[in-house]
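Report on the structure given below.
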Amino acid sequence: MASIIRYGSARLLASKESSPGELASMGTVSDISFGFSINREEVKSMGYESIVHAIASPPSVQVKFNYMISDMENEELLGFPVTSQESIVLGRSIVHDIKPIDLAFVVTEGGEDFDSLSGTKKQEIKVCLIKNAYISNYSICLSPKGIPKASVSLVGDDMIFKIFKKK
């Protein structure tokens, strides 16, 4: 049976450069996908008939998401210059000294809205944390109605899954 994630039950959070260790919610995210790939090589020893599939390099973690551009808060979380002071006066380009970010995809157990987690019943919050994610692709397109939509792809160093339980 497939589970359904309702609106309000999932969030994409990003680390803030101005406040290390703090995560902020990314707004107007319409979809997200993430995964990893592992490069393996076949190794066979003399005298043994089994083949070992050894990991050749660390896993590659990929994250892709789309969002509607509205107030430039997402771009600020991604590390882009968003004010005229940053872009014009300081002469920073959009790719100037972009630092990696941490991303967290958070889902509640029963699809409840995050605002209702202060209730008395037990809750599970499932978290997928992507560490040190670098932007590999950023593009903007306009919908037929003229709404700007950004597509972002990132490659991270590591992926961690954790379940937090409220008792």
Side-chain angles (χ1 to χ4, degrees), residues 2-41 55-109 111-115 125-164:
S3 61
I4 297 172
I5 298 176
R6 288 186 359 195
Y7 172 78
S9 67
R11 294 281 192 276
L12 180 63
L13 308 169
S15 59
K16 295 175 76 172
E17 187 177 354
S18 60
S19 303
E22 184 179 331
L23 296 173
S25 182
M26 298 193 81
T28 64
V29 174
S30 59
D31 60 86
I32 179 172
S33 64
F34 54 89
F36 60 92
S37 59
I38 300 173
N39 296 324
R40 296 183 179 266
E41 61 184 29
I55 296 174
S57 62
S60 173
V61 179
Q62 305 92 23
V63 181
K64 296 178 184 175
F65 62 93
N66 298 319
Y67 63 90
M68 291 179 289
I69 299 173
S70 61
D71 53 10
M72 302 304 284
E73 287 181 1
N74 290 347
E75 286 73 15
E76 185 175 9
L77 288 171
L78 293 171
F80 296 156
V82 294
T83 65
S84 59
Q85 171 69 22
E86 291 175 315
S87 60
I88 298 170
V89 177
L90 297 178
R92 287 181 53 193
S93 70
I94 196 166
V95 294
H96 174 77
D97 196 27
I98 293 183
K99 309 253 186 303
I101 61 172
D102 295 336
L103 291 171
F105 181 66
V106 185
V107 181
T108 59
E109 175 187 14
E112 292 87 0
D113 193 342
F114 277 91
D115 297 333
I125 298 176
K126 297 172 183 158
V127 179
C128 174
L129 180 66
I130 296 95
K131 298 288 291 172
N132 293 326
Y134 289 90
I135 295 173
S136 61
N137 186 20
Y138 180 86
S139 60
I140 298 172
C141 67
L142 289 174
S143 73
K145 295 182 179 181
I147 300 171
K149 188 174 184 179
S151 296
V152 184
S153 298
L154 300 104
V155 177
D157 287 345
D158 198 5
M159 181 183 277
I160 302 165
F161 293 97
K162 184 85 173 160
I163 297 176
F164 296 96

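A distance of 11.5 Å separates OH of Y134 from CD1 of I101, quoted to the nearest 0.5 Å. Here the straight-line distance linking atom NZ of K149 with atom CG of N66 works out to 5.0 Å at 0.5 Å rounding. Note that the CE atom of M159 and the SG atom of C128 stand 4.0 Å from one another [nearest 0.5 Å]. Put simply, CD1 on I32 and CZ on R11 are 13.0 Å apart, with the number rounded to the nearest 0.5 Å. Interatomic distance, CG of L103 versus CZ of F65, reported as 6.0 Å (0.5 Å rounding). The CD atom of E73 sits 9.5 Å away from atom OG of S25, with the distance rounded to the nearest 0.5 Å.
Looking at D102 and N132, their side chains come closer than 4.5 Å, going by heavy atoms from C-beta outward. I130 has its side chain out of reach of L154: every pair of non-hydrogen atoms, C-beta onward, lies at least 4.5 Å apart. Between Q62 and S37, the closest side-chain pair of non-hydrogen atoms falls below 4.5 Å. Contact annotation: the side chain of D71 never approaches that of T28 to less than 4.5 Å [non-hydrogen atoms, C-beta and beyond].
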Evaluate side-chain contact (heavy atoms from CB on, under 4.5 Å) for I69 paired with I140, printing each intermediate quantity in order. CA-CA 9 Å; I69 299 173; I140 298 172; 3.8 Å; yes
Evaluate N137 against S151 for side-chain contact (heavy atoms from CB on, under 4.5 Å), listing each step before the verdict. CA-CA 8 Å; N137 186 20; S151 296; over 6 Å; no
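Annotation for E75: atom CD counts as buried by contact number, over 12 foreign heavy atoms lying within 6.0 Å.
The minimum heavy-atom distance between G27 and Y67, with the atom names listed, is O-CB, 3.9 Å. Shown here for M26 and N74, the closest heavy-atom pair between the two residues is CA-OD1, 3.3 Å. When all heavy atoms of P59 and I38 are compared, the closest pair comes out as CB-CG1, 4.1 Å. Nearest heavy atom pair, residue A104 against residue L129, reads CB-CD1, 4.0 Å.
A donor-acceptor contact shorter than 3.5 Å links the side chain of S136 to the backbone of S153.
In this pair, F80 and Y138 present their aromatic rings perpendicular. The plane angle is above 60°, beyond the 30 to 60° band.
Shown here are the salt bridge (Lys or Arg N to Asp or Glu O under 4.0 Å) partners of K162, two or more places apart in sequence or in another chain: there are none. Residues satisfying the salt bridge (Lys or Arg N to Asp or Glu O under 4.0 Å) test with K64, not counting sequence neighbours, are none.
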